[in-house]
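Only a predicted model underlies this, so the values are computations on that prediction, with no experimental measurement involved.
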Amino acid sequence: MSSSSTDRWAALDFAPPAPDVADTEPPVLLDYLSEGRVARITLNRPHADNAITTEMGALLTDVVEEIAVRTGVRVVVLTGAGDRAFSVGSDLRQRKAMTKEDWLRQRQAFDRTLYTVRQLRKPIFAAVNGLAYGGGCELAQSTDFIIASSNATFGQPEAMLGLAAGGGSPALLPRLLPRGKALQMLMTGDPLPAQEAYRLGMVNELHDPEELMTAALRIADKIASNSPTAVQSVKRAVQLGEGEPLEQAIAIMMDAHWRSAVHPDRVEGIGAFNDGREPTFDDSDF
């Protein structure tokens, strides 16, 4: 082995995108399913393991902001195109030629993307279908919960590249994993297989790769069938109450509960239960 060779990157199972392969489709796809109640966002650079360029990040922000104001959308599924990767994070080939100012400008844009995902009132979850590294892993962590294919892998290799993780994982990962495991991932860069992520509670469900989207849409349709006002209220109660003293968190919860108690959806839901029929809930009125 020559002095310039290394097996340092072998465990990550990906490399920078080929320089001569151009994007021929939009890097982010949006389609509406289940009569418009489910929005599916697909990261669409499979030839580059769905690595995120500056342009792709900006488009993802626009897509999430568009969904936020469509009152008919009740739940969002975020996934990656192809069968190899959800996303391996920032496109490192694009970053190679960046000046410090370019890097900081991109960082600000990516911060906006992740903030927009985290602050979305509608439920949003990730269907991770392969590699989820760096910013891709942090994007998945920014959603409400994660389901994954059995071949998925999660990793934060930033320290291996001389960079402190900056897309949320130092704050989010210790909430999803035991603190020590989260720190080990952040410090070593070693990937976490889907089975271990599931065992530790980072991933809610595991599915065969070919069944992942079917499972995701099953979950999405179940959420979409419930009162969107109630679903968004309980999501907000969890977000605002997390980390607060117990009685403060309960007070936040009770505010959401009392609002739902006087909402028409409560009348419709209980009426449907007593009638033995499917309820018909209006779009959220927030």
Asker: I need the minimum non-hydrogen distance between Arg277 and Gly271, along with the two atoms involved.
Answerer: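 Scanning both residues, the minimum pair turns out to be NH2-C, 4.0 Å.
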
Asker: May I ask whether Leu78 and Val128 are part of the same hydrophobic cluster, defined by side-chain heavy atoms of I, L, V, M, F, W, Y residues being less than 4.5 angstrom apart, directly or through others?
Answerer: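 Shared cluster, yes.
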
Asker: Might you point out which heavy atoms bring Phe86 and Gly136 nearest each other, and give the distance in Å?
Answerer: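 Answer, listing the atom of Phe86 first, then Gly136: CE2-O, 3.3 Å.
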
Asker: Side chains of Asn151 and Ser149: donor-acceptor distance under 3.5 Å anywhere?
Answerer: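 The criterion, which ignores hydrogens and geometry beyond distance, is satisfied for Ser149 and Asn151.
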
Asker: Answer yes or no: does atom CG of Asn204 have more than 12 heavy-atom neighbours from other residues, nucleotides or ligands under 6.0 Å?
Answerer: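 It does: Asn204 CG has more than 12 such atoms within range.
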
Asker: Tell me every residue that passes side chain to side chain contact (heavy atoms under 4.5 Å, CB included) with Ala216, counting only those two or more places apart in sequence or in another chain.
Answerer: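 Per chain and number, Ala216 pairs via side chain to side chain contact (heavy atoms under 4.5 Å, CB included) with Val77, Phe125, Ala127, Ile147, Met213.
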
Asker: Taking the basic N atoms (NZ, or NE/NH1/NH2) and the acidic carboxylate oxygens, is any pair closer than 4.0 Å for Glu25 and Arg45?
Answerer: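 So Glu25 does not pair with Arg45 through a salt bridge.
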
Asker: Knowing that exactly one of Thr53, Asp111, Thr54 qualifies, which makes a side-chain hydrogen bond (donor to acceptor under 3.5 Å, both in side chains) with Gln106?
Answerer: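 Among the candidates, only Thr54 passes.
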
Asker: Is the backbone of Leu29 close enough, under 3.5 Å, to the side chain of Thr42 for a donor and an acceptor to pair up by distance?
Answerer: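 No.
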
Asker: Between Glu65 and Arg70, is the closest basic N to carboxylate O distance under 4.0 Å?
Answerer: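 Salt bridge between Arg70 and Glu65, a charged N being under 4.0 Å from a carboxylate O: no.
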
Asker: I'd like to know whether CD of Glu278 has more than 12 heavy-atom contacts from other residues, nucleotides or ligands below 6.0 angstrom.
Answerer: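 No, CD of Glu278 has 12 or fewer neighbouring heavy atoms, counting only those of other groups under 6.0 Å.
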
Asker: I'd like to know if Val73 and Phe145 are part of one continuous hydrophobic network [Ile/Leu/Val/Met/Phe/Trp/Tyr, side-chain heavy atoms within less than 4.5 Å].
Answerer: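 No; Val73 is not reachable from Phe145 via cluster members.
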
Asker: Please round to the nearest 0.5 Å and tell me the distance separating atom CG of Leu43 and atom CE of Met56.
Answerer: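 Here the rounded value is 4.5 Å.
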
Asker: Show your reasoning for whether side-chain contact (heavy atoms from CB on, under 4.5 Å) applies to Val28 and Asp62.
Answerer: CA-CA 10 Å; Val28 180; Asp62 290 344; over 6 Å; no

Asker: Heavy atoms only: give me the nearest Ile223-Pro123 pair and the separation to one decimal.
Answerer: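 Residues Ile223 and Pro123, closest heavy atoms: CG2-CG, 3.8 Å.
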
Asker: To check you understand the geometry: which heavy-atom pair defines the closest contact between Arg121 and Gln232, and what is its length?
Answerer: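 So the minimum-distance heavy-atom pair works out to O-CG, 3.5 Å.
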
Asker: Same cluster or not: are Leu217 and Val231 linked, directly or through other Ile, Leu, Val, Met, Phe, Trp or Tyr residues, by side-chain heavy atoms under 4.5 angstrom apart?
Answerer: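 Same hydrophobic cluster.
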
Asker: Without hydrogens or angle criteria, can the side chains of Thr61 and Thr113 be said to hold a donor-acceptor pair below 3.5 Å?
Answerer: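 The answer is yes; a qualifying pair exists.
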
Asker: Sub-3.5 Å donor-acceptor pair from the side chain of Asn44 to the main-chain atoms of Ala81, do we have one?
Answerer: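 Not at all, since once roles are kept as given, no pair shorter than 3.5 Å links the two residues.
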
Asker: Would you call Asp221 and Arg37 a salt bridge, taking side-chain N to carboxylate O under 4.0 Å as the test?
Answerer: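 Between Arg37 and Asp221 there is no salt bridge, as every charged N stays at least 4.0 Å from the carboxylate O atoms.
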
Asker: Quick check for you: to the nearest 0.5 Å, what is the distance between Thr229 atom OG1 and His263 atom NE2?
Answerer: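 Between Thr229 OG1 and His263 NE2, I get 3.5 Å after rounding to 0.5 Å.
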
Asker: If you round to the nearest 0.5 Å, how far is CG of Leu161 from CD of Gln156?
Answerer: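 Answer for the CD-CG pair, Gln156 versus Leu161, is 11.5 Å.
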
Asker: Are any side-chain N or O atoms of Asp49 and backbone N or O atoms of Ala85, one a donor and one an acceptor, separated by less than 3.5 Å?
Answerer: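 It does not hold such a pair.
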
Asker: Do you know which two heavy atoms are closest between Ala68 and Leu120, and how far apart they sit?
Answerer: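 Smallest interatomic distance, heavy atoms only, reads CB-CD1, 3.6 Å.
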
Asker: Is Arg107 close to Ser90 at the side-chain level, that is, under 4.5 Å between some pair of heavy atoms?
Answerer: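 Not touching, per the 4.5 Å side-chain cut-off.
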
Asker: Tell me whether Met187 at atom CE has more than 12 heavy atoms from other residues, nucleotides or ligands lying less than 6.0 Å away.
Answerer: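 Count not over threshold, so no.
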
Asker: Test your reading of the model: is there a side-chain donor-acceptor pair from Glu268 to the backbone of Thr280, 3.5 Å cut-off?
Answerer: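 Yes, because the side chain of Glu268 sits within donor-acceptor range (under 3.5 Å) of the backbone of Thr280.
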
Asker: Do you reckon Val117 sits in the same ILVMFWY cluster as Leu59, going by side-chain contacts under 4.5 Å, direct or chained?
Answerer: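 Yes.
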
Asker: Just wondering, more than 12 heavy atoms not from Tyr115 lying within 6.0 Å of its OH?
Answerer: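 No.
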
Asker: Any side-chain to backbone donor/acceptor pair from Thr99 onto Asp102? Under 3.5 Å, distance only.
Answerer: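 Yes, because the side chain of Thr99 sits within donor-acceptor range (under 3.5 Å) of the backbone of Asp102.
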
Asker: Indicate yes or no for a side-chain donor-acceptor contact from Glu158 to the backbone of Ala165 under 3.5 Å, with no hydrogens or angles considered.
Answerer: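 Pair absent, no side-chain N/O of Glu158 close to backbone of Ala165.
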
Asker: How many angstroms lie between atom CG of Asp190 and atom NZ of Lys181, to the nearest 0.5 angstrom?
Answerer: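 Output value for this atom pair is 8.0 Å.
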
Asker: Could you note down all residue pairs passing side chain to side chain donor-acceptor pair (under 3.5 Å) where residues 244-254 supplies at least one of them, sequence neighbours left out?
Answerer: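 Matches after skipping sequence neighbours: none remain.
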
Asker: Checking Asn129 side chain against Gly82 main chain: does a donor-acceptor pair fall under 3.5 Å?
Answerer: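 Judged by distance alone, yes, a pair lies under 3.5 Å.
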
Asker: Is there a side-chain contact between Phe154 and Pro191 (heavy atoms, below 4.5 Å)?
Answerer: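 SC-SC contact between Phe154 and Pro191 ruled out.
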
Asker: Would you say the side-chain atoms of Asp144 pair up with the backbone N or O of Ile124, donor to acceptor, closer than 3.5 Å?
Answerer: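 Indeed, once roles are kept as given, a pair shorter than 3.5 Å links the two residues.
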
Asker: Does a side-chain heavy-atom distance below 4.5 Å link Leu139 with Leu114?
Answerer: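 Yes, their side chains come closer than 4.5 Å.
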
Asker: Test of understanding: clusters of I, L, V, M, F, W, Y form through side-chain heavy atoms closer than 4.5 Å, transitively. Do Tyr133 and Ile146 belong to the same one?
Answerer: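 Different hydrophobic clusters.
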
Asker: Do Lys122 side-chain atoms and Val76 backbone N/O form a donor-acceptor pair below 3.5 Å?
Answerer: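 Such a contact is absent between Lys122 side chain and Val76 backbone.
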
Asker: Looking at every non-hydrogen atom in both residues, tell me the closest pair between Arg74 and Asn226 and how far apart they are.
Answerer: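 Heavy atoms only, the tightest pair is NH1-O, 3.8 Å.
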
Asker: Would Ser227 and Asp265 count as having a side-chain donor-acceptor pair, cut-off 3.5 Å?
Answerer: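 Per modelled atom types, Ser227 and Asp265 side chains form a pair under 3.5 Å.
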
Asker: Main chain of Leu172, side chain of Gln141: is a donor-acceptor contact present, judged purely on distance under 3.5 Å?
Answerer: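 No; zero donor-acceptor contacts below 3.5 Å.
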
Asker: Using side-chain contact (heavy atoms from CB on, under 4.5 Å), reason through Glu242 and Arg175 one step at a time and then give a plain yes or no.
Answerer: CA-CA 10 Å; Glu242 195 166 23; Arg175 298 169 185 254; 3.3 Å; yes

Asker: Assess whether salt bridge (charged side-chain N to carboxylate O under 4.0 Å, His left out) is satisfied between Arg218 and Glu211, documenting all intermediate values.
Answerer: CA-CA 11 Å; Arg218 170 182 52 78; Glu211 296 174 357; over 6 Å; no

Asker: Determine whether Gln195 and Ser150 satisfy the following criterion, side-chain contact (heavy atoms from CB on, under 4.5 Å), listing intermediate values before the conclusion.
Answerer: CA-CA 7 Å; Gln195 290 77 8; Ser150 56; 4.0 Å; yes

Asker: About how many Å separate CD1 of Ile41 and OG1 of Thr79, when rounded to the nearest 0.5 Å?
Answerer: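 So the OG1 of Thr79 and the CD1 of Ile41 are separated by 10.5 Å.
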
Asker: Could you give the distance from SG (Cys137) to CG (Leu173), rounded to the nearest 0.5 Å?
Answerer: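 One finds 6.5 Å between SG of Cys137 and CG of Leu173.
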
